[in-house]
Amino acid sequence: MQEPAEEKQYHAVAYSALTLVLLVFILQAGFSLFVNILRNVDIYYKLQRVKTAHNVSLKRNVRLKEELNSFNSAKSLESIARNNLKMAGKNEILLIINTKLSGKKDDKNTVVKPPKEKGIFYKR
């Protein structure tokens with residue numbers, strides 16, 4: 001039994017449409033996979049930065065605790081207040097001399113980065 005030509009053409013169009021739908025689904029799944037991989041990589045690097053900042057904060061906290069323990073007398077507390085907190089006593093004038101640090105660049109030479117634009121991907 002042979003199928004009529006119209007029925008064969010209908011099946012060919014239906015199979016072509018199904019193939020096209022399947023292709024769209026495969027492309028969408030591939031794009032989603034790619035986006036998720038990029039998101040995971042971005043989150044991993046953010047996590048590394050947070051861990052580094054946390055370790056630096058812990059070290060600074062330990063150093064500050066040691067400094068606090070070493071400054072027990074009133075004279076050492078006064079020196080902290082004068083030097084670090086820029087405090088002065090009554091009838092005293094506080095003179096602060098700002099000097100340029102050799103390691104820092106001038107503000108004119110620094111490059112200002114524009115904020116990241118949000119879209120499907122972050123522009124880097």
Could you go through residues 15-36 and list every donor-acceptor pair under 3.5 Å that involves a side-chain atom there, pairing it with any protein atom two or more places apart or in another chain?
{"unit_1": "S16", "atom_1": "OG", "unit_2": "A12", "atom_2": "O", "d": "2.9"}
{"unit_1": "T19", "atom_1": "OG1", "unit_2": "Y15", "atom_2": "O", "d": "2.7"}
{"unit_1": "S32", "atom_1": "OG", "unit_2": "Q28", "atom_2": "O", "d": "3.0"}
{"unit_1": "N36", "atom_1": "ND2", "unit_2": "S32", "atom_2": "O", "d": "3.2"}

For a quick test of your reading: what N or O donor-acceptor pairs under 3.5 Å do the side chains of residues 52-60 make, sequence neighbours left out?
{"unit_1": "T52", "atom_1": "OG1", "unit_2": "Q48", "atom_2": "O", "d": "2.9"}
{"unit_1": "N55", "atom_1": "ND2", "unit_2": "K51", "atom_2": "O", "d": "3.4"}
{"unit_1": "S57", "atom_1": "OG", "unit_2": "A53", "atom_2": "O", "d": "2.9"}

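Checked against side chain to side chain contact (heavy atoms under 4.5 Å, CB included), E6 has no partners two or more places apart in sequence or in another chain.
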